[in-house]
Each structure stands twice: as structure tokens, then as C-alpha cells.
Amino acid sequence: MEKNREVKVIAVVALLVAVVGLSVAYAALSTTLEITGQATINSASWNVQFVEGTGTPVGGASATTPTVPSTSISNLNVTLTKPGDSYTYTFSIQNTGSINAKLGTVNIGTISCTSEDSDEANATCQDLTYSVSYADDTPFTVGDALDSQATKQAKLTISYNADADTVPAKPVTVTGLTATLIYDQA
């Protein structure tokens, strides 16, 4: 029995020596790698906006000067009096920010006409053309680039067809002169 106990003590001591030896061997064969550093984010600015433009009436057309508070053009009221009249409002789209932009969404409104005489309103509406495009008549397209510090010229035009057969006897109200351009980070 005494011999059995000695064997157990020797086994426990051998086991402890083995564990200590493995720990020392692991420590001798391990290396700690460390990464340290920093990053800097420079300031950037985002500023895509409309810049007030000029209106060009043709024939008996007239209009109010619209309000252009940077991100919208509003209160443009156009009056066309006879076939052949048109009004073009030319304006700028400017990226004064430090981030390139691209056109993400384009929604051009569809005009509709109302009057006391709905048939007359519908006939008049068929003789009207409404467009919003770049100044060179190129249509806006999703993905169009507007680089930082760049400006593109654009225009809005409403025209009364010169070949219109009828002229309304009562005033016709035209709505839908809208356009939404949403620019995203390029």
C-alpha cells in the first residue's frame, strides 16, 4: 500500500512538472503582435442647389420671376395668350460642395388643364408642351454626374403649339409644371 502511494505521488509530481514544462514551452514559442494607428477624416461639404436664372418670353407670353431659395424653384406663374407663345426659364444647377454628385431620381410632372369648359380645357392642354431638360435639350438621366464645383445649365419650357386650331374662350389653368431632381453622393 505504501508503494502504491509513492507511485501516486510520483505520478502527480510528474504531471505537475509536465504542465509547468508545457507552459514554459508555450511561452517560449508564442509572440504577441500588436497594431496601433489612427485615421483622419477630412471635412467635406454637400451643397447641390439651384441658382436663379432668367426667363425668355416668346409672343405674348409673360411670367412672374420665380422664387429660388437654393433647393427649389417656386411661384413661377406663366401666362400664354395665343398659339405660338412660349416661356423658357433658364437656370443653373450648381455643386458648390466638396463631394461629387450624381442624379439619383428624376420626376418630371405631367401637365393638366382645367376651365369652366372641360372640353375646351382638354383641347387646349393637347396643344401645350412642357419640358425640363439641360439647356442643350438633353434630357435629365439618372446617373448624370455633377462634379464638385461644377455647374450645369438647365431650362424649363412651356409652349403653346403654333398650329393650335382653337383658342379657349375662358381662361384655362395649367397645373403639373413640376420637376423633382434628387442628387446623391457619387
Side-chain angles (χ1 to χ4, degrees), residues 45-97 99-118 120-186:
S45 63
W46 177 260
N47 190 20
V48 177
Q49 64 185 357
F50 290 125
V51 176
E52 191 169 329
T54 58
T56 306
V58 172
S62 63
T64 60
T65 301
T67 305
V68 185
S70 80
T71 59
S72 68
I73 297 174
S74 59
N75 300 323
L76 174 64
N77 294 306
V78 178
T79 302
L80 305 174
T81 57
K82 64 187 180 309
D85 285 357
S86 69
Y87 186 82
T88 300
Y89 182 70
T90 305
F91 56 96
S92 299
I93 302 170
Q94 191 175 61
N95 182 356
T96 60
I99 300 170
N100 291 341
K102 67 179 177 182
L103 193 52
T105 302
V106 178
N107 290 317
I108 308 296
T110 302
I111 60 171
S112 62
C113 300
T114 56
S115 179
E116 290 177 22
D117 182 339
S118 62
E120 198 172 74
N122 290 334
T124 301
C125 221
Q126 290 177 5
D127 288 325
L128 297 177
T129 304
Y130 171 66
S131 66
V132 180
S133 65
Y134 291 110
D136 65 359
D137 292 322
T138 304
F140 290 110
T141 305
V142 170
D144 288 350
L146 184 59
D147 292 337
S148 173
Q149 304 306 311
T151 300
K152 291 196 175 184
Q153 299 301 312
K155 68 180 180 177
L156 171 152
T157 302
I158 183 163
S159 303
Y160 193 172
N161 184 354
D163 298 328
D165 293 331
T166 60
V167 176
K170 306 249 184 201
V172 174
T173 301
V174 180
T175 57
L177 300 176
T178 62
T180 303
L181 308 172
I182 300 174
Y183 281 87
D184 300 323
Q185 181 179 333

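Every value quoted in this text rests on a predicted model; they were computed, and no experiment measured them.
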Quick one: are [X] and [Y] in side-chain contact, heavy atoms under 4.5 Å?
{"X": "Cys113", "Y": "Leu128", "answer": "yes"}
{"X": "Val68", "Y": "Phe91", "answer": "no"}
{"X": "Ile93", "Y": "Thr151", "answer": "no"}
{"X": "Asp147", "Y": "Asn95", "answer": "no"}

Check whether any side-chain N or O of [X] sits under 3.5 Å from a backbone N or O of [Y] as a donor-acceptor pair, and report yes or no.
{"X": "Gln94", "Y": "Lys152", "answer": "no"}
{"X": "Glu120", "Y": "Ser115", "answer": "no"}
{"X": "Tyr130", "Y": "Thr178", "answer": "yes"}
{"X": "Asp127", "Y": "Asn161", "answer": "no"}
{"X": "Ser70", "Y": "Gln49", "answer": "no"}
{"X": "Asn75", "Y": "Pro66", "answer": "no"}
{"X": "Thr88", "Y": "Thr157", "answer": "no"}
{"X": "Tyr160", "Y": "Thr81", "answer": "no"}

Euclidean distance, [Y] [atom2] relative to [X] [atom1], rounded to 0.5 Å:
{"X": "Leu177", "Y": "Ser131", "atom1": "CG", "atom2": "OG", "answer": "10.5 Å"}
{"X": "Asn107", "Y": "Phe140", "atom1": "CG", "atom2": "CZ", "answer": "12.5 Å"}
{"X": "Glu116", "Y": "Thr173", "atom1": "CD", "atom2": "OG1", "answer": "10.0 Å"}
{"X": "Thr71", "Y": "Ile182", "atom1": "OG1", "atom2": "CD1", "answer": "11.5 Å"}
{"X": "Ile158", "Y": "Asp85", "atom1": "CD1", "atom2": "CG", "answer": "11.0 Å"}

| task | Please lay out, stage by stage, how Leu181 and Leu103 fare under the test side chain to side chain contact (heavy atoms under 4.5 Å, CB included). | result | CA-CA 7 Å; Leu181 308 172; Leu103 193 52; 3.9 Å; yes

| said: Go through it in stages, so that I can follow the logic: the residues are Gln153 and Ser92, the test is side-chain hydrogen bond (donor to acceptor under 3.5 Å, both in side chains), and I'd like the CA-CA distance, side-chain angles, deciding distance and then a yes or no. | reply: CA-CA 5 Å; Gln153 299 301 312; Ser92 299; 2.9 Å; yes

| field | Neighbour count above 12 (heavy atom, 6.0 Å) for Lys82 NZ | value |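 More than 12 within 6.0 Å, yes.
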
| task | Using a cut-off of 6.0 Å, state whether more than 12 heavy atoms not belonging to Gln149 lie near its atom CD. | result |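 More than 12 heavy atoms, drawn from other residues, nucleotides or ligands, come within 6.0 Å of this atom.
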
| Do you know which of Thr129, Thr175, Val174 makes side-chain contact (heavy atoms from CB on, under 4.5 Å) with Ile111? |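 Looking at Thr129, Thr175, Val174, the match for Ile111 under the side-chain contact (heavy atoms from CB on, under 4.5 Å) is Val174.
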
| query | Per the side-chain contact (heavy atoms from CB on, under 4.5 Å) rule, which among Val78, Leu156, Thr79 passes with Tyr87? | reply |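 Among Val78, Leu156, Thr79, the one meeting side-chain contact (heavy atoms from CB on, under 4.5 Å) with Tyr87 is Val78.
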
Residue pair [X] / [Y]: nearest heavy atoms and the distance that separates them:
{"X": "Val58", "Y": "Gly84", "result": "CG1-O, 4.0 Å"}
{"X": "Ser159", "Y": "Ser86", "result": "OG-CB, 3.5 Å"}
{"X": "Ala101", "Y": "Val48", "result": "CB-CG2, 3.9 Å"}
{"X": "Thr166", "Y": "Ala123", "result": "OG1-CB, 4.4 Å"}
{"X": "Gly55", "Y": "Pro57", "result": "O-CD, 3.8 Å"}
{"X": "Val167", "Y": "Pro83", "result": "CG2-CD, 3.8 Å"}

| task | Please lay out, stage by stage, how Asp144 and Tyr134 fare under the test side-chain hydrogen bond (donor to acceptor under 3.5 Å, both in side chains). | result | CA-CA 11 Å; Asp144 288 350; Tyr134 291 110; 2.8 Å; yes

